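Below: one structure in structure tokens.
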Amino acid sequence: MRPDRYNPHESEPKWQKEWSDRNTFLTRNDDARPKYYVLEMFPYPSGRIHMGHVRNYAMGDVVARVMRARGYNVLHPMGWDAFGMPAENAARLNRSHPGEWTYANIATMRKQLQSMGLSIDWSREIATCDPSYYRHQQAMFLDMLDKGLIYRKNAKVNWDPVDQTVLANEQVIDGRGWRSGALVEQRELTQWFFKITDFAEDLLTSLDGLDRWPEKVRLMQKNWIGRSEGALVKFDVAGEHAFKTIEVFTTRPDTLFGARFIAVSPDHPLAAELARDNAELQAFIEECRRVGTSNAALETAEKKGFDTGVRVRHPFDAEWTLPVYVANFVLMEYGTGAIFGCPAHDQRDLDFSRKYGLGWTVVVCPEDVDPGTFSVEDTAYDGDGRLINSRFLDGMTPAQAFQEVVRRLEGEQTDGGPRARRQINYKLRDWGISRQRYWGCPIPIIHCESCGIVPAPRETLPIELPPDVTFDQPGNPLDRHETWRNTTCPKCGKPALRETDTMDTFVDSSWYFARFTDPWTVTAPTDTAVVDRWLPVDQYIGGIEHAILHLLYARFFTRAMRATGHVGLSEPFAGLFTQGMVVHETYKSADGTWMSPSEIRFEADGSARRAFALSDGRPVDIGSIEKMSKSKRNTVDPDDIIATYGADTARWFMLSDSPPDRDVIWTEDGVQAAGKFVQRLWRLVGEIADLSAGAPDVAQFGEQANRVRKAAHAALAKAEDDLARLRFNRCVAQIYDLANQLNALLSGIDVPAEDDVRAAFREAGKILVQLFAPMMPHLGEACWAELGGEKLVAETPWPVADRSLIVEDMVTLPVQVNGKKRAELTIARDAGQKDIEAAVMALEAVQRACEDRTPKKVIVVPQRIINVVV
Ligand code: ANZ
Ligand code: ZN
């Protein structure tokens, strides 16, 4: 007996068990069908899943289920980005081990994801904190070290003197440590770097080929890589100094005659040299360091300089000298750490020049402006035009002048080399991966006093994290772990020390997609035959917040894996989709504290909605709609939603309400409406099942039956197009529409129904179920069973849309009279010659053109044109 109401709480676990028992979503590597790899960015095991996860994984699951039905061998795995700071913080609070916290969270979140009914091959689950995963990362570190893709150098870190720890940039808030509140210092540490800059050009140009990536993401990556074409130019130092020349990097050598000063970074060797016997300069340099030299700090800081008293000669005029400043806005890490300032054509230089009274000369004049009157006051001119005030460059375009300046200076020798050289610079920096933290992948290196840096022998991998650590003291527990840290040198056998830094967790997420293809190989990170068959990921889905770092690192790491023989391709993600956020109203109580939706009761008063606290009935302010966040308390818990409505309803609402790349507003009304639709579908499918039970297969369909078939096939065809573009919300709209049409058609049929109508309804019912099953898979199975479907709907091939049924019934044809177009005629596609003639002659425009003459002939070119000859 079919119950009147569909009960998700009984149905969902039942179908989940069925899929699991039948291994429905297990993927075999030796399956001969064409492959399709769909992947959602794997979660950090923070404790519980949030609605953002529900949205992300619901989308990926629809893609996986549809592609499976369409005959692909689909890979849809899941794992855990499991190393990172929060686990250490939790360990400190709870006096436990980060691993305990992490694995407990994984267990909770796995159960939550499983309750969503995702079609995941759980046999491939990986956690990056597991030695069975990170051993391969350590092996690849050694491979890349051998290949010269990894090196060590000194680099600055943010040092928290109270917590005795290195802080990530995000952990420095207004110059202070996020936990201790102490003023953060800049310290130099020797750290490991990946040579991502070796691939800068390739990472940039290959973006063009990623035509299934959002344009926005490609642009963000392009800007991050930041390619600049320019030149290195040497300025001779006037007078006797330790430095003979100062070399600058410029993208505008054409503006050289507008130069007013030279500025070097506080970290430039020249600054240090001059500061040795200049206490004031020394103090200025130290002040600059305190502010920090990160891009963010520099953008907001006031531009400041210190006149060193040194002067340099202009490259084209030895008599013309320019002052040399140390300036806080010049980065040592970019170009040469020195610039020439051209105030008229660079805003920063103009601000600087105004502050220190250095003046400016305009050297580029816009095309349509009189050079005699053109001037620059508050705003530098950085546009195109013609050179002025520039001697032999006058009249040239900046592009021509660029070439001319470089050509002339290239030929000249100074300080043991040409005065100028063309140079391409990138903003992209090498990737520093050393973290002074416990909960990360240990860097497999041993430091020996006699032998230096010694790679850990491969047979000793994995270098496992020691479990017996505590977090009751500041700093990295690996530093104080005597038995772990002390080891013997693999080369000379003398006592040596292990590297205690661990890898940036972005390394872990830079290759997990490759590991999923064969997580069982023990001897190597990948089985190359397998990984090359699965990669690239056909559809990657995740948040826009990963548009730069994660995606760029993964693209680099894939190239590095290729260079070390672990994969055969460079681009890991052929298709990328960035989904929007889940947002929700915010609520504030009378005393100004944030309130959670579960603490509130609503009253509708006409069109106005009012809210009251459940606890004391006091009114609550309904605030703006914002991203769900714990701090604003405007979250809803997926567990609560699934417990109340079931997973299918939650999935459906997530997919239905807005385009998937936009934010979706979570509302109680919305989810209730989704819940109602679940019941409607259940009743509709039930009626169709009753009507069509036992109907024989028929070959001929009458008019009524054809209307049913048309509705179903048209919805199917449109939904296919929407699904191909991941427009889930539009696909949902097709399903609503089809349900409405079938409802209406059901109530209009003759009783008792003919066999062809019953058969048509059975077909349409199945199409309806197959359309919504990828989004509401449990309801899909239950309905499929009602319709007497064989096997499971998850195991059933995608229906073929009969497009001949969907051709529009009407056509619109141009009508000519004696070869001249006079009108258009809209008529049934299958209308005969007689009907067409009559309809054409009834048109007023045609009658006018015929001027009472009787037509000799009406020529009809079917589906194309009608010509009346008079
Ligand atoms: C003279 C000049 C004249 C410049 C002008 C610009 C406009 P991008 O496009 O970002 O590569 N620059 C060079 N090295 C720098 C450093 N280490 N720190 C801060 N600024 C630096 O910009 C290159 C321009 O940024 C260079 O071209 C240089 O200023 C400055 F009308 O040289 B230019
Ligand atoms: Zn040694």
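Everything quoted here is computed from the prediction, not taken from an experiment. All ligand and atom numbering here is 1-based and tracks the order in the structure.
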#### Entry: Non-hydrogen side-chain atoms of Ser450 and Lys494 separated by less than 4.5 Å
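Side chain of Ser450 against side chain of Lys494, heavy atoms only: contact under 4.5 Å found.
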### His314 and Trp320 aromatic ring geometry - parallel, tilted or perpendicular at 30°/60° bounds
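Ring orientation of Trp320 relative to His314: parallel.
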### Message
Please give me the minimum heavy-atom distance between Leu428 and Thr197, naming the atom from each residue.
### Response
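For Leu428 and Thr197, the tightest heavy-atom pair comes out as O-CG2, 3.4 Å.
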### Message
If we only look closer than 2.8 Å, how many protein N, O or S atoms does the Zn ion (ligand 2) have near it?
### Response
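Near the Zn ion (ligand 2), the number of protein N, O or S atoms below 2.8 Å is 4.
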### Where at least one partner belongs to residues 317-326, residue pairs that pass salt bridge (charged side-chain N to carboxylate O under 4.0 Å, His left out), sequence neighbours excluded
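Applying salt bridge (charged side-chain N to carboxylate O under 4.0 Å, His left out) to every pair that reaches into residues 317-326, excluding sequence neighbours, yields Asp317-Arg391.
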### Task
Would you check ligand 1 and list the protein residues that come within less than 4.0 Å of it by any heavy atom, ordered by chain and number?
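Ligand 1 is contacted, at a heavy-atom distance under 4.0 Å, by Ser228, Phe249, Thr250, Thr251, Arg252, Thr255, Phe329, Val330, Leu331, Tyr334, Ile339, Phe340, Cys342, His345, Asp346, Arg348, Lys427.
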### Query
Are the charged groups of Glu229 and Arg422 less than 4.0 angstrom apart, N to O?
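Answer for the salt bridge query: no.
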#### Entry: Side chain proximity check, Phe194 to Tyr151, heavy atoms < 4.5 angstrom
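With C-beta onward as the side chain, the pair stays apart.
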Cut-off 3.5 Å, no hydrogens considered: what does the side-chain donor-acceptor table look like for residues 232-243, sequence neighbours left out?
from   : atom 1 : to     : atom 2 : distance (Å)
Asp236 : OD1    : Thr414 : OG1    : 3.0
Asp236 : OD2    : Arg419 : NH2    : 2.8

### Message
Could you check whether Lys156 pairs with Asp267 (Lys NZ or Arg NE/NH1/NH2 to Asp/Glu carboxylate O, under 4.0 Å)?
### Response
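Yes.
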### Query
Would you call Arg276 and Glu273 a salt bridge, taking side-chain N to carboxylate O under 4.0 Å as the test?
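Yes, Arg276 and Glu273 are salt-bridged.
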